[in-house]
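Atom set for the values below is all heavy atoms of this structure, side chains included, hydrogens, waters and symmetry mates excluded.
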Amino acid sequence: VQLVESGGGSVQAGESLRLSCAVSGDTISTNCMGWFRQAPGAAREGVASIGSDGRMTYADSVKGRFTISKDNAENTLYLQMNSPKPEDTAMYYCAARYGYICPLYPSVYSYWGQGTQVTVSS
C-alpha cells in the first residue's frame with residue numbers, strides 16, 4: 001500500500017486548508033484510514049480516523065474544526081482543516097491499517113505516507 005499526502009502549506013490562523021492522501025495498492029473502502037501529526041520535539045499523535053463503515057473518530061483538540069472524509073471511487077482520503085490554530089502546526093501523515101477498529105494510536109497502523117507540512121501562523 002502506498003500513500004501520498006498533499007495540500008499542506010503555510011496559512012494564517014483561521015484560514016482553511018484541505019489535505020489529501022492518494023492511496024494505491026489497495027482500496028481504502030475496506031481499511032481503516034487515519035490522519036496523524038507530529039510537531040518538532042513531540043510524539044506523533046492521532047488526529048482523526050475513519051473506518052470502512054464510515055465511522056469517524058477525532059482527537060479532542062480538533063473536534064468541531066477538522067473533518068475527515070474519503071472518496072472510495074478516487075481512493076483518496078481527506079482532512080478538511082477549518083479554523084486552524086498555531087498549535088496545529090506539524091507534519092501531517094496519513095496512515096492505513098487492516099481491521100474494523102480504527103483507533104488513534106500510531107503504533108497500530110502499518111502503512112504510512114511521507115507527510116505534508118502544515119504551518120499556521122497567528
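- The shortest distance between side-chain heavy atoms of Val120 and Gln12 does not fall below 4.5 Å.
- Looking at residues two or more places apart in sequence or on another chain, you find no ring pair (Phe, Tyr, Trp, His ring centres under 6.0 Å) involving Tyr93.
- For residues 59-70, the set of pairs meeting the salt bridge (charged side-chain N to carboxylate O under 4.0 Å, His left out) definition, not counting sequence neighbours, comprises Asp60-Lys63, Arg65-Asp88.
- Counting heavy atoms from C-beta outward, Ser16 and Gln80 have side chains that approach closer than 4.5 Å.
- Ser49 places a side-chain N or O within donor-acceptor distance of the main-chain N or O of Cys102, the cut-off being under 3.5 Å.
- Side-chain heavy atoms closer than 4.5 Å link hydrophobic residues (I, L, V, M, F, W, Y) into clusters, and following such links, even through other members, never connects Ile50 to Val108.
- Rounding to the nearest 0.5 Å gives a distance of 8.0 Å between CG of Asn75 and CG of Asp26.
- Applying the salt bridge (Lys or Arg N to Asp or Glu O under 4.0 Å) rule to Arg18 yields no partners; only residues at least two apart in sequence or on another chain are considered.
- Applying the ring-ring contact (aromatic ring centres under 6.0 Å, His included) test to every pair with at least one member in residues 29-65, sequence neighbours left out, gives these pairs: Phe36-Tyr109, Phe36-Trp112.
- The backbone N or O of Cys94 lies less than 3.5 Å from a partner atom in the side chain of Glu5, making a donor-acceptor pair.
- Taking the side chain as every heavy atom from C-beta outward, Val23 and Met33 approach each other to under 4.5 Å.
- Here the side chains of Leu79 and Thr67 are not in contact, with every heavy-atom distance at 4.5 Å or above.
- For the atom pair Ile101 CD1 and Cys32 SG, the distance stands at 7.5 Å (nearest 0.5 Å).
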Practice problem: Could you go through the side chain to side chain contact (heavy atoms under 4.5 Å, CB included) check for Met81 and Tyr92 one step at a time? | Solution: CA-CA 12 Å; Met81 302 173 61; Tyr92 282 72; 3.7 Å; yes

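- Using a 4.5 Å heavy-atom threshold, the side chains of Arg37 and Ser61 count as touching.
- Val11 is not listed as a side-chain neighbour of Ser121, based on a closest heavy-atom distance of 4.5 Å or more.
- Residues satisfying the side chain to side chain contact (heavy atoms under 4.5 Å, CB included) criterion with Thr119, sequence neighbours excluded, are Ser10, Thr89, Gln117.
- Side chains of Asp71 and Thr76: no donor on one and acceptor on the other come within 3.5 Å.
- The closest donor-acceptor contact from the side chain of Gln114 to the backbone of Val4 lies at 3.5 Å or more, if one exists at all.
- Closest heavy-atom contact between Ala59 and Gly46: CB-O, 3.4 Å.
- Checking side-chain atoms of Asn31 against main-chain N and O of Ser52 turns up no donor-acceptor pair under 3.5 Å.
- Residues Met56 and Phe66 are members of one and the same hydrophobic cluster, defined by side-chain heavy-atom contacts under 4.5 angstrom among Ile, Leu, Val, Met, Phe, Trp and Tyr.
- Summarising the geometry, atom CG belonging to Leu19 is positioned 6.0 Å from atom OG1 belonging to Thr116; distances are rounded to the nearest 0.5 Å.
- For Ser69, the side chain to side chain contact (heavy atoms under 4.5 Å, CB included) criterion is met by Tyr78, not counting sequence neighbours.
- A donor-acceptor pair shorter than 3.5 Å cannot be found between the side chains of Tyr100 and Asp53.
- By the criterion of side-chain heavy atoms lying less than 4.5 angstrom apart, applied directly or through intervening Ile, Leu, Val, Met, Phe, Trp or Tyr residues, Tyr111 is not grouped with Met91; the two fall into different hydrophobic clusters.
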